[in-house]
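Read the structure below first, then the notes.
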Amino acid sequence: MNLGIPSYLGSFTDLLVDHLSMALGASLLGLVVALPLGLLCVRRPRWYPPVLALASVLYSIPSLAFFVLLIAFTGISRTTVVIPLAVYTLAVLIPNVVDGLRSVPESVRQSATAMGYSPTRRLLTVDLPIALPTVLAGLRVATVANISMVSIGALIGMGAFGSLFTAAVQLDRLGLAVTGILVTVVMALVVDAALLGVQWLATPWLRRTRRSAR
């Protein structure tokens, strides 16, 4: 399958692997950073406004400027695309992590402590599972956005399917741009559905709650 993609851009499979690896890698990296920052903001509420403000400021940096700054250190590589996208996800993920952890009822925390749970065990087995739906909701938004924004990497020759947009202009082939749009939309829908499936599998207690409420 090449969908009329010029051979110099690589095969459809190559572009798909590149696109998903950058988008999902950025989302995962953002989540890894957002979880401890969100936990810190919950435990030390005074830190939340400045942390959120910093995430918002970083989100406002144009991606091209980010690329130019990073090229000096990471070269023209996937890393140069992944890092800015991961930073952008923090503006979405940190508030969701904080909201999710804050949604854990205090009575549940106290019960876990009374049962002898250490703070770490309570976090892993009580707080995070309850916060999971909210965290995953933010992750879904961030990942879909990353799938779209990877295309900007075409400005430095690392845009995966975004390269179809630049090729469409260079070769005067509108069909390439249409292909790029359609493939990106389908990827976003499939990945979003997959994350929704992960949430469904990881939160069986929500299914039981919904059934009992009927």
Side-chain angles (χ1 to χ4, degrees), residues 1-38 55 58-59 61-94 96-97 132 135-168 170 176-202:
M1 178 192 296
N2 69 1
L3 301 178
I5 298 172
S7 58
Y8 70 86
L9 294 179
S11 67
F12 178 87
T13 301
D14 292 337
L15 293 177
L16 181 64
V17 170
D18 283 347
H19 205 109
L20 288 178
S21 64
M22 287 187 284
L24 299 182
S27 297
L28 180 59
L29 179 58
L31 182 62
V32 168
V33 175
L35 282 173
L37 284 178
L58 292 173
Y59 185 81
I61 298 175
S63 54
L64 182 57
F66 232 140
F67 293 158
V68 171
L69 290 173
L70 284 173
I71 283 176
F73 303 96
T74 58
I76 298 178
S77 64
R78 293 179 184 176
T79 304
T80 304
V81 177
V82 168
I83 291 176
L85 296 186
V87 170
Y88 293 152
T89 64
L90 297 180
V92 175
L93 290 176
I94 290 175
N96 277 66
V97 171
L132 187 61
V135 174
L136 281 178
L139 184 62
R140 288 171 59 197
V141 172
T143 302
V144 168
N146 281 342
I147 289 174
S148 173
M149 292 178 66
V150 162
S151 298
I152 301 174
L155 295 172
I156 61 169
M158 293 298 299
F161 283 109
S163 62
L164 297 185
F165 303 131
T166 55
Q170 295 167 351
L176 289 176
V178 174
T179 298
I181 293 171
L182 291 177
V183 172
T184 301
V185 170
V186 170
M187 275 193 297
L189 291 174
V190 171
V191 171
D192 185 60
L195 289 174
L196 189 60
V198 169
Q199 178 178 329
W200 186 83
L201 292 172

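Side-chain atoms are counted along with the backbone in the values below, which use heavy atoms only and exclude waters and symmetry mates. Computed from a prediction, not measured in an experiment: that's the story for all the values here.
With sequence neighbours excluded, no residue forms a salt bridge (Lys or Arg N to Asp or Glu O under 4.0 Å) with D14. By the side chain to side chain contact (heavy atoms under 4.5 Å, CB included) test, I71 pairs with I76, T80, I156, sequence neighbours left out. Under the side chain to side chain contact (heavy atoms under 4.5 Å, CB included) criterion, A168 pairs with L176, A177, sequence neighbours left out. Partners of V190 under the side chain to side chain contact (heavy atoms under 4.5 Å, CB included) rule, at least two apart in sequence or in another chain, are V186.
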Only pairs under 3.5 Å count here: list side-chain donor-acceptor contacts from residues 21-33, not counting sequence neighbours, and write none if there are none.
from : atom 1 : to   : atom 2 : distance (Å)
S21  : OG     : V17  : O      : 2.9
S21  : OG     : D18  : O      : 2.9
S27  : OG     : A23  : O      : 3.1
S27  : OG     : T143 : OG1    : 3.1
S27  : OG     : N146 : ND2    : 2.9

Validation: residues 82-93 side-chain donor-acceptor distances under 3.5 Å, sequence neighbours left out:
from : atom 1 : to  : atom 2 : distance (Å)
Y88  : OH     : I61 : O      : 2.6
Y88  : OH     : S63 : N      : 3.2
T89  : OG1    : A86 : O      : 2.5

Query raised in the report: Under the side chain to side chain contact (heavy atoms under 4.5 Å, CB included) criterion, do M187 and F161 qualify, and how do the steps go?
Result: CA-CA 11 Å; M187 275 193 297; F161 283 109; 3.7 Å; yes
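The shortest heavy-atom contact between H19 and S151 is CE1-OG, 3.8 Å. A pairwise comparison of heavy atoms in L15 and L9 identifies CD2-O, 3.5 Å as the closest pair. Taking every heavy atom of both residues into account, A154 and S163 meet most closely at CB-N, 3.9 Å.
A heavy-atom distance below 4.5 Å is found between the side chains of T184 and I147. You'll find the side chain of N96 stays beyond 4.5 Å of the side chain of V135, heavy atoms only.
For the atom pair L164 CG and I5 CD1, the distance stands at 5.0 Å (nearest 0.5 Å). In this structure, CG in L195 is found 7.0 Å from CG in L136, a value given to the nearest 0.5 Å.
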